[in-house]
Amino acid sequence: MEIGRWLEARGRLHQPIASLSLVDLEAMATAAISRWIVLQTEKLQRAGWPPEDPIATFLLG
């Protein structure tokens with residue numbers, strides 16, 4: 001979904017994905033990964049993930 005949002009915000013939806021530059025593809029991937037990290041962090045917080053866990057430390061720290 002985040003990639004779709006990024007593409008809509010960028011505009012020019014009529015252009016094929018193949019016409020995107022490397023910078024565009026990197027920005028799209030960064031947006032999607034960032035959103036995934038936020039969602040996973042929220043999920044860990046709701047689940048009461050143990051604070052000593054290295055993944056929780058990385059994501060929640």
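All residue numbers refer to positions in the sequence shown, counting from 1.
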Test item: I17 and L20 side chains (from C-beta on) under 4.5 Å apart, heavy atoms:
yes

Mark yes or no for whether S34, through its side chain, and A31, through its backbone, hold a donor-acceptor pair below 3.5 Å.
no

Hey, are the side chains of R5 and M28 touching, using non-hydrogen atoms and a 4.5 Å cut-off?
no

Please round to the nearest 0.5 Å and tell me the distance separating atom CZ of R46 and atom CG of L44.
9.0 Å

Between T30 and E26, is there a donor-acceptor pair closer than 3.5 Å when you use the side chain of the first and the backbone of the second?
yes

According to a 4.5 Å side-chain heavy-atom criterion applied to Ile, Leu, Val, Met, Phe, Trp and Tyr, with indirect links allowed, do I33 and W36 form part of one hydrophobic cluster?
yes

Check whether L25 and L7 end up in the same hydrophobic cluster, where Ile, Leu, Val, Met, Phe, Trp and Tyr are linked by side-chain heavy atoms less than 4.5 Å apart.
yes

